[in-house]
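For ligands, and for the atoms within them, numbers begin at 1 and follow the listed sequence.
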Amino acid sequence: MSKLKLEFKTRLKSHAELVEKTLINLLNDITVEYEIERPARLLEAMRHSSLDGGKRLRPFLVMESAAIFGIKPEQAVLSGSALEFIHCYSLVHDDLPAMDDDDLRRGKPTTHKAYNEATAILAGDALLTLAFDILSREETHPDAKTRIELVKLYAQNSGLGGMVGGQMLDLEAETKPSINEQEILTLQAMKTGALIRCACEAGAILGNASRQDRQRMFEFGRIIGQAFQLADDILDITSDVKTMGKQTAKDADKGKGTLVSLHGLEASQARAKDLLAEAITVLEPFGDKAAILVEAARYTIERKH
Ligand code: GRG
């Protein structure tokens, strides 16, 4: 393994540990400022939904994007954790019977299976709102304008014109006889890509990057968001439930339109490689400072789960 790959793996692990510690702390029993009480069952369901699992890719991207602009992991971890909570909420709601109706997530029973539907809905709601509480806190960033910018970024990427909107398009697509490439790209850019792009741009915001550099991080995030979903669609076919910790072969079962179903496996694998090359080109102006992010892009595409 190359020295760089090893460093990437070490950082992926150490960032994930820092995120885990932070999430545990954010979900402790003690109420904060305006809270009245933290109901035990809801807190437990939120812990079940977010602790001890997942690759923590989104917070990793926040921390490593911020690192390019001289921000330490400890200074970016709260923003990363807020994004991870939004991601976890989306998984909990996506697994509900009204949506994907899944029993397994991150190798564990889904939240509605471990608790019940009502509790899972509330756990998702509370994770989402907690994310915005975190963003508003001074510990997240000392400058209030930066915090507002983060709030706007997270809200717009996770809501109507981002992830939630993408999920709506995805549900609608299931009822249509066919879906074309542009429709697939749009819904995937929203459903999955938006949070990944958000992670990369958040790093630039935390680091007070120039307009041009922020645009570069936006572009990098857009490309790897697309690559991430492509990899997910490929893994849906080539991997198994044990490796993924979630049900596979779902897209084909549902007759779901994906780029893989449209172009085939080989062409999709080639497209993923092209996207990696594009992502690397975008990072070129940052030189060695972006070496870990280049590895992150590689990992996004070559990951096994
Ligand atoms: C319900 C509002 C709402 C949105 C749902 C996230 C999502 C949108 C749907 C999940 C369905 C899905 C499998 C999408 C493919 C990409 C994806 C988000 C995979 C899971 O992300 P990973 O691989 O998961 O980063 P871990 O568990 O590693 O965090």
Side-chain angles (χ1 to χ4, degrees), residues 12-13 15-16 19-20 23 48-62 80-81 83-108 110-112 117 120-121 123-125 127-129 131 154-174 184 187-199 221 224-237 239 241 243-254 256-260 296 299-305:
L12 189 63
K13 189 162 176 274
H15 287 7
V19 170
E20 187 71 21
L23 300 184
H48 176 88
S49 310
S50 60
L51 302 181
D52 191 22
K55 297 180 284 297
R56 310 302 195 196
L57 180 67
R58 292 153 193 80
F60 180 80
L61 289 171
V62 174
S81 299
L83 193 58
E84 182 67 15
F85 277 148
I86 296 178
H87 170 57
C88 294
Y89 123 74
S90 79
L91 298 178
V92 172
H93 282 193
D94 185 65
D95 290 334
L96 285 167
M99 302 234 188
D100 243 13
D101 196 10
D102 272 308
D103 296 349
L104 194 68
R105 171 68 66 183
R106 294 176 164 175
K108 296 187 293 194
T110 46
T111 308
H112 67 274
E117 273 182 58
I121 293 170
D125 292 342
L127 286 169
L128 174 63
T129 40
Y154 279 43
Q156 293 178 355
N157 276 299
S158 56
L160 173 64
M163 181 180 68
V164 176
Q167 179 77 348
M168 186 75 250
L169 294 179
D170 198 32
L171 292 175
E172 278 182 331
E174 283 176 20
I184 295 175
L187 90 76
Q188 293 190 341
M190 292 170 74
K191 187 182 91 162
T192 318
L195 282 202
I196 292 180
R197 202 185 64 188
C198 172
I224 63 163
Q226 200 181 321
F228 178 90
Q229 181 62 58
L230 194 53
D232 208 72
D233 293 343
I234 292 172
L235 287 169
D236 188 65
I237 294 177
S239 192
V241 61
T243 318
M244 295 296 281
K246 65 177 182 183
Q247 200 57 50
T248 51
K250 287 199 69 171
D251 298 343
D253 277 1
K254 284 189 164 185
K256 198 167 185 170
T258 67
L259 293 182
V260 182
Y299 168 80
T300 300
I301 288 152
E302 293 171 0
R303 68 199 166 93
K304 300 281 176 271
H305 62 95

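Looking only at side-chain heavy atoms (C-beta outward), I121 and D125 come within less than 4.5 Å of each other. Looking only at side-chain heavy atoms (C-beta outward), K55 and R303 come within less than 4.5 Å of each other.
Residues forming a salt bridge (Lys or Arg N to Asp or Glu O under 4.0 Å) with K108 (at least two apart in sequence, or on another chain): none. When the side chain to side chain donor-acceptor pair (under 3.5 Å) test is applied to D170, the partners found at least two apart in sequence or on another chain are K191, K256. With sequence neighbours excluded, the residues that form a side chain to side chain donor-acceptor pair (under 3.5 Å) with H87 are R58.
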Pairs under 3.5 Å, N/O atoms on ligand 1 and on the protein: can you put them in a table with the distances?
from	atom 1	to	atom 2	distance (Å)
ligand 1	21 (O)	R58	NH2	3.3
ligand 1	23 (O)	K55	NZ	2.6
ligand 1	25 (O)	R58	NH1	2.8
ligand 1	25 (O)	R58	NH2	3.3
ligand 1	27 (O)	R106	NE	2.8
ligand 1	28 (O)	K55	N	2.9
ligand 1	28 (O)	K55	NZ	2.8
ligand 1	29 (O)	H87	NE2	2.8
ligand 1	29 (O)	R106	NH2	2.8

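In this structure, L23 CG and S50 OG are separated by 5.5 Å, a value rounded to the nearest 0.5 Å.
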